[in-house]
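Note that ligands are numbered from 1 as they come in the structure, with each ligand's atoms numbered from 1 the same way. Positions are given from 1 along the sequence. Heavy-atom basis, side chains included; hydrogens, waters and symmetry copies ignored.
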Amino acid sequence: MDYPELLEEIFHVARAFVGKGKVADYIPALARVPAEKFGIAISLLDGREYVMGDADESFSIQSVSKVFSLALALHHLGDQVWHRVGIEPSGNPFNSLVQLEYENGIPRNPFINAGALVVTDWLLGSSADPTTELLDWLRAATGNPHIGIDREVADSEWEHRHRNAALTHFMASCGNIRSNVDRVLRTYFEHCAIAMSCRDLARAGLVLAGHGKSPRLEERFLTRSQAKEINALMLTCGTYDAAGDFAFRVGLPGKSGVGGGILAVIPNLMSIAVWSPALDSHGNSMAGVEALERFTTLTGISVF
Ligand code: GLU
């Protein structure tokens, strides 16, 4: 496979979609990011790495962080995580309150906000400092000691917290949040505000391509089954209300965020990260989805 040539071609095709769609504007710090950015990085388990465009520029990974928070929770707590959060697609917006009330405060899956808030609550009960622990793992798995929190984004999320606060308080009323609600929210927002580049994300994603073992780390982080579970949830629930469309078009486990990043995994082979801030109506990066679709179409590699 001539990966540099492949990336050239993808870059060429995806460029037509760069800037189409709408940059997230629910907080000023995200609204300011230029729509015309585009980066792609692929990281193979054998150590090869190929990047193109703005692949080394850090951006707010937002909901892509839900993958890493879940991984850390499974690492610490194993299967008991699933006692308080489900594994089914929600078919509702990522920040919906309605379903949660019908379902007694048990979120459908860990990739909608309510689910990630429960995962965060689990983390607060199992780690003295989940944010530092998560950052330390990301730094080690990527070899980039500079990965950190964008404080402006985290503070801004906190200022505009009403909906996430409503979700968390409601779940607390059902007994499904055990830590202090504000602490859960602060920690959740810190994870959303982690700033990483496509290169970093692709490297971090190798833990899922490698069945729970990161090539840069001695110690296995997840069991093979846990890595499978996360990949399966990414495929079925990872791209908001468009998970069916994403699976149909791209055919890979993927997790997107409203910062415009998408992490995709090809088990046994590689992890791919794309970033372009302008989003489609579902909240997925327009050029990012296009690039991933082109990748699997041109290579013929997907999980199917
Ligand atoms: N920080 C966002 C929120 O909780 C997450 C947005 C996303 O889905 O990427 O509303």
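- Interface of Tyr240 with ligand 1, defined as ligand atoms under 4.0 Å from a residue heavy atom, comprises 7 (C), 8 (O), 9 (O).
- Heavy-atom neighbours of Arg216 CZ from other residues, nucleotides or ligands within 6.0 Å: above the threshold of 12.
- Near Cys192, the atoms of ligand 1 lying under 4.0 angstrom from a non-hydrogen atom of the residue are 1 (N).
- Other residues, nucleotides and ligands contribute over 12 non-hydrogen atoms within 6.0 Å of the CG atom of Leu217.
- Contact atoms of ligand 1 toward Gly257: 9 (O) (distance under 4.0 Å to a heavy atom of the residue).
- The N/O atoms of Ser256, backbone and side chain alike, include none that comes under 3.5 Å of an N/O atom in ligand 1.
- Checked by distance only, ligand 1 and Val258 come closer than 3.5 Å through their nitrogen or oxygen atoms.
- Side chain of Thr168 to backbone of Val181: no donor-acceptor contact under 3.5 angstrom is found.
- Residue contact check: Phe94 has heavy atoms under 4.0 Å from atoms 8 (O), 10 (O) of ligand 1.
- Side-chain contact of Glu57 with Ser197: a donor-acceptor pair under 3.5 Å is absent, judged by distance alone.
- With ligand atoms numbered from 1 in the order given, ligand 1 contributes 5 (C), 6 (C), 7 (C), 8 (O), 9 (O) to contacts under 4.0 Å with heavy atoms of Ser63.
- Ring orientation note: the planes of Trp158 and Phe189 are nearly perpendicular, at an angle over 60° on the 30°/60° scale.
- Contacts between Asn164 and ligand 1 below 4.0 angstrom, taking non-hydrogen atoms only, involve the side chain exclusively.
- A side-chain donor-acceptor contact under 3.5 Å links Thr236 to the backbone of Ala232.
- Checking Tyr26 against Glu157 by side-chain atom types alone, a donor-acceptor pair falls below 3.5 Å.
- Ligand-side atoms of ligand 1 in range of Tyr188: 3 (C), 4 (O), 5 (C), range being under 4.0 angstrom from any heavy atom.
- Phe221 and Trp137 have parallel rings, their planes meeting at less than 30° on a 0 to 90° scale where 60° marks the start of perpendicular.
- For atom 3 (C) of ligand 1, the closest non-hydrogen atom on the protein side is Asn113 ND2, 3.4 Å.
- Considering both main-chain and side-chain atoms, Glu157 comes within under 3.5 Å of ligand 1 through a nitrogen or oxygen pair.
- Among protein heavy atoms, the minimum distance from atom 1 (N) of ligand 1 is reached at Gln62 OE1, 2.7 Å.
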